[in-house]
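So the structure is just underneath, and the comments pick up after that.
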Amino acid sequence: MTRTTAFAICLGGLLFMNCNPENPEPQDLSEDKLKALIADMTIEEKVGQMTQLNLDVISVGEVYNLKEPHELDMEKLRHALVDKHTGSILNVGGHAYSLEHWQEIITEIQKVATTKTRQRIPIIYGIDAIHGANYIMEGTLFPQPLAQAATWNPQQVKRCAEITAYETRASGVPWNFSPVLDLGRQPLWSRMFETYGEDVTLAKAMGNACIEGYQGEDASDPERVSACMKHFLGYSWSFSGKDRTPVYMHERQLRQYFLPTFEAAIDQGALSVMINSGELNGIPVHADYDILTKLLREELGYDGVAVTDWEDIMKLRDNHKVAATLKEAVKMAVMAGIDMSMTPNDYSFTDLLIELVKEGEVPESRLDESVYRILLMKQRLGLFEDPYYFDTHDYSLVGSKAHDDVNYATACQAITLLKNENNTLPLRTDMPEKILVTGPGANSLSLLNGAWSRTWQGTETKYDDESKYTVVEAMQDRLLDKVVHIESCSLDVLDEEGLESIKSRASEFTQIVVCLGELPATEIPGNIDDLTLEMAQLEMVKELSTLNLPMTAVLLFNRPRIISSIEPMLDAIVMAYNPGDEGGLAIADVLTGKVNPSGRLPITYPRHVNDLITYDHKYTEQFDNDFSKNAYDPQYPFGHGLSYSTVSYSGLKLSTDTLEIGQDLTVTISVKNESKTYDHDEVIMLFVNDRVASITPSVRKLRAFDRVSIPKGAAKEVSLTISSDDLKFVGQDLTWIAEEGWFEVEVGGMKTELYLKND
Ligand code: BGC
């Protein structure tokens with residue numbers, strides 16, 4: 001017996017007792033023992049831990065063309081884990097599987113990892129469960145993150161994340177590539193719906209609530225998963241609006257807007273981070289030492305795992321052209337600071353990194369750092385202790401009514417009423433005539449759910465859950481034969497016959513609900529050249545408007561598609577975002593008045609294609625002294641949203657009108673629900689706006705918010721507290737500073753002045 005095998009058996013005995021799925025035993029993995037384990041690893045084993053493979057590579061069939069039904073290929077699995085020492089697997093092999101099949105896959109993988117490999121290290125499996133356990137057939141599909149942000153309710157976001165964690169863990173998968181912490185400040189971007197909107201304060205609160213829901217107090221809990229904050233850093237703000245195209249951004253803007261969500265997530269304890277696939281100021285982030293090591297590790301002190309995005313080391317050679325060879329690309333990314341390569345379809349990363357270390361081009365100590373972080377994460381997830389935890393834990397709530405209830409409540413809180421002239425909504429259901437429901441979103445579950453729903457792009461209707469309601473099915477469920485559904489347009493082609501039929505039956509209808517929509521899509525497949533809604537849908541609305549009936553539009557959009565040419569023809573407009581599998585029922589209940597809408601826009605809804613200005617713009621984006629050419633003119637402003645009830649604000653009070661550095665400021669206001677019919681959920685938003693500053697100040701800046709329920713006729717006093725730190729900005733020297741001077745405090749249209757003292 002060689003020294004290494006003897007030691008391995010000893011380590012196997014001491015550290016990884018649970019090599020037998022029938023005999024789980026607890027582990028003791030102190031830092032020293034993890035280090036001892038790493039010291040015993042060969043270069044090949046270390047590099048293997050740093051490699052993440054696509055499920056396709058270990059399945060029967062070809063990559064991207066697997067045999068159906070899915071089956072693991074045991075020889076490929078053995079090769080990956082035993083010969084190549086692979087430490088991580090991801091993804092889905094094309095589409096969602098049943099919970100049972102997921103558990104079978106994970107059991108087989110862990111069995112090989114913990115019984116056939118020398119060191120018996122369990123595999124860490126990762127997946128994109130971005131709005132619920134979207135790759136488990138039974139999983140709950142929640143509203144997409146942008147819709148969740150529209151609830152302005154971090155507790156609700158946390159609850160959705162807890163359920164997502166529970167259902168994902170149930171499948172044997174402990175690592176979720178979520179949340180997206182990129183700010184949604186570029187409306188053209190195909191991944192707007194994956195963000196928590198354009199504002200730093202809102203996105204920070206939602207991101208942290210999500211991470212708290214995923215990880216809980218202890219991510220080794222069999223109902224929790226590791227979060228993966230993504231995509232570090234500056235991914236969402238491409239100049240062209242197209243995914244994975246160049247971002248040009250001054251470091252001040254990066255630090256002021258795009259870094260804080262990640263900093264907050266690090267403080268919250270996010271266990272992993274995924275790297276931005278694009279380039280920032282001419283440098284692909286996967287090759288950027290300043291971002292991946294100096295900023296992430298040295299400045300922010302982050303100790304979690306940094307995983308690349310899909311094939312992103314290859315893209316350094318193939319797309320970004322900063323490396324002539326793949327070997328050079330591997331060296332660049334590893335030396336810049338990545339820990340794990342989502343390679344994911346071959347062993348090129350593994351083989352080349354081994355060569356690089358053996359040739360002295362990459363120091364082994366660089367591998368040791370990464371492997372330590374990876375093993376630590378496996379330990380933090382309890383995988384060493386019991387990789388088969390799902391055999392014994394009760395997961396009977398997956399896809400349950402209890403989870404649907406949370407889903408429905410979230411969709412109800414998200415749906416945002418943008419316009420309601422002449423009290424068009426709630427729909428009148430007391431008349432003999434019927435309600436016409438039409439438009440491409442009327443009868444589609446895919447449009448309710450958007451991308452990352454059973455498949456990556458979310459367009460395969462064969463995976464729809466038949467028990468869920470589309471908008472028209474939900475309206476028929478609620479209003480029975482009062483609802484008539486006639487098609488009049490697909491997403492991009494007018495249905496002339498349908499329109500004729502509608503026109504010929506016009507006298508049967510009292511009102512029209514037209515469901516406008518956007519094809520589910522994400523990443524590069526979701527790139528568009530024009531933010532304007534498809535011409536055919538605009539034409540459809542114009543045709544329908546000739547009937548002179550009250551018309552309500554329901555918007556099922558991945559991003560704010562421009563509707564300014566038809567907006568005057570619409571009496572009511574409901575932004576539903578991608579509200580998820582319960583979205584049909586929630587929309588029906590909002591339209592009919594069972595639910596009082598309470599969502600508020602987490603983004604600015606633009607009016608013009610070339611006027612994509614966020615709410616926290618600068619003064620020069622609002623006025624220009626003489627010409628009124630720079631007037632800020634969105635279709636609907638950030639924070640906008642109506643209800644069937646109205647509230648009045650009064651009695652704005654500050655705990656002090658002169659704030660000292662280090663002090664807190666409490667802002668109190670009274671909010672009265674003026675309705676005699678409806679209970680009302682109000683989102684109280686506190687804006688504190690710097691009057692004059694050494695870096696041009698934003699016209700408005702959200703600093704805190706709260707969502708409160710106010711019964712009909714009642715009033716509530718609400719207090720929001722911020723600290724003087726919340727009034728800081730990134731100054732000329734790129735550090736956060738507080739400057740003495742006047743601020744405007746603004747809540748619910750009421751305003752007062754505050755002086756910040758800094759001497
Ligand atoms: C996306 C990531 C995702 C990864 C794994 C990439 O194409 O950009 O957000 O986590 O694929 O599916």
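Atoms within a ligand are numbered from 1 in the order they appear, just like the ligands themselves.
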What residue and atom, counting heavy atoms only, is the protein's closest point to atom 7 (O) of ligand 1, and at what distance? E523 OE1, 2.6 Å

For ligand 1, which atoms have a heavy atom of K230 less than 4.0 angstrom away? 2 (C), 3 (C), 9 (O), 10 (O)

Note the single closest protein heavy atom to atom 12 (O) of ligand 1, along with its residue, its atom name and the distance in Å. D128 OD2, 2.5 Å

If we ignore hydrogens and angles and just use 3.5 Å, is the side chain of Y248 paired with the main-chain N or O of F239 as donor and acceptor? no

Salt-bridged, D267 to K204, with N to O below 4.0 Å? no

Which ligand 1 atoms does H231 reach within 4.0 Å, using its non-hydrogen atoms? 2 (C), 8 (O), 9 (O)

Regarding Y235 and R244, do their side chains bring together a donor and an acceptor under 3.5 Å, going by distance alone? yes

Going by heavy atoms, is R191 under 4.0 Å from ligand 1? yes

Counting each atom of ligand 1 from 1 as listed, which ones have a heavy atom of R244 under 4.0 Å away? 1 (C), 6 (C), 7 (O), 8 (O)

Ignoring hydrogens and geometry, is there a side-chain-to-backbone donor-acceptor pair from T51 to T86 under 3.5 Å? no

With sequence neighbours excluded, give me every salt bridge (charged side-chain N to carboxylate O under 4.0 Å, His left out) pair touching residues 282-296. D290-K294

For the pair W237 and F258, name the ring-plane relationship: parallel under 30°, tilted 30 to 60°, perpendicular over 60°. tilted

Got a sec, which pairs hit salt bridge (charged side-chain N to carboxylate O under 4.0 Å, His left out) with one end in residues 205-217, sequence neighbours left out? K158-E212

May I ask you to identify, for Q52, whether its side chain, its backbone, both or neither come under 4.0 Å of ligand 1 on a heavy-atom basis? neither

Shortest protein heavy-atom distance from atom 8 (O) of ligand 1, along with the residue and atom involved: D309 OD2, 2.6 Å

Atoms of ligand 1, numbered as shown, that sit under 4.0 Å from any heavy atom of M274: 2 (C), 10 (O)

